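What follows is a short report on a single structure.
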Amino acid sequence: LFSAVRMFFWTKFTLDCAQQIHDDQVSSVFASGMKYFFKTPTGRIINRFSKAQENVDREIPDQISDVFLCLMSILGTFFIIFYSLPIFIIPCIAIGIVY
């Protein structure tokens, strides 16, 4: 169950990030003037899009996975501590409010 939830969120966040970056690229290219299109070859524009999208497709999924695994590790550690020492919840709440 945990693995299925993790994969769902991993896929959703990856697709959302890739789509957002692609949309930002498209809007910035469309916002540029005609001088940019006359000056820059079409192949170079497409190459920049594909290179940026490739970086997004390679790096962001790994980073999202790392963040999720660290978050689950921290939550699991707190769960074990709170389960074995319930009195520890009180100082954690106080520190959380101050922090």
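Just the heavy atoms: all of them, side chains too, but no hydrogens, waters or symmetry mates, feed the values below. A quick note: this is a predicted structure, and the numbers were derived from the prediction, not measured.
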Taking Leu71 as the fixed residue, which of Leu69, Ile74, Leu75 is the one that meets the side chain to side chain contact (heavy atoms under 4.5 Å, CB included) rule? Leu75
Rounded distance (nearest 0.5 Å) linking atom OG of Ser73 with atom CZ of Phe68: 12.0 Å
Are Val26 and Ile45 grouped together when hydrophobic residues (ILVMFWY) are joined by side-chain heavy atoms under 4.5 angstrom apart? yes
Joint cluster assignment, Ile95 & Phe78, ILVMFWY side-chain distance < 4.5 Å: no
To the closest 0.5 Å, what do you measure between OG1 (Thr40) and NZ (Lys35)? 10.5 Å
Other ILVMFWY residues reachable from Ile90 by side-chain steps of under 4.5 Å: Ile87
Hey, quick one: are Phe88 and Ile97 part of the same hydrophobic cluster, counting side-chain heavy atoms closer than 4.5 Å, chains of contacts allowed? yes
In this structure, NZ of Lys51 is separated from CZ of Arg44 (nearest 0.5 Å) by 13.5 Å
Cluster question for you: counting only ILVMFWY and a side-chain heavy-atom cut-off of under 4.5 Å, with indirect links fine, are Phe82 and Ile80 together? no
Would you find more than 12 non-hydrogen atoms of other residues, nucleotides or ligands less than 6.0 Å from Phe9 atom CZ? no
Side-chain donor-acceptor contact under 3.5 Å, Gln20 with Asp24: yes
Which heavy atom of Arg58 sits nearest to which heavy atom of Asp62, and what is that distance? O-OD2, 3.3 Å
For the CD atom of Glu54 and the CG atom of Asn47, what is their distance to the nearest 0.5 Å? 10.0 Å
Between NZ of Lys39 and OG of Ser32, what distance do you get to the nearest 0.5 Å? 11.5 Å
Around atom CZ of Phe13, are there more than 12 heavy atoms from other residues, nucleotides or ligands closer than 6.0 Å? no
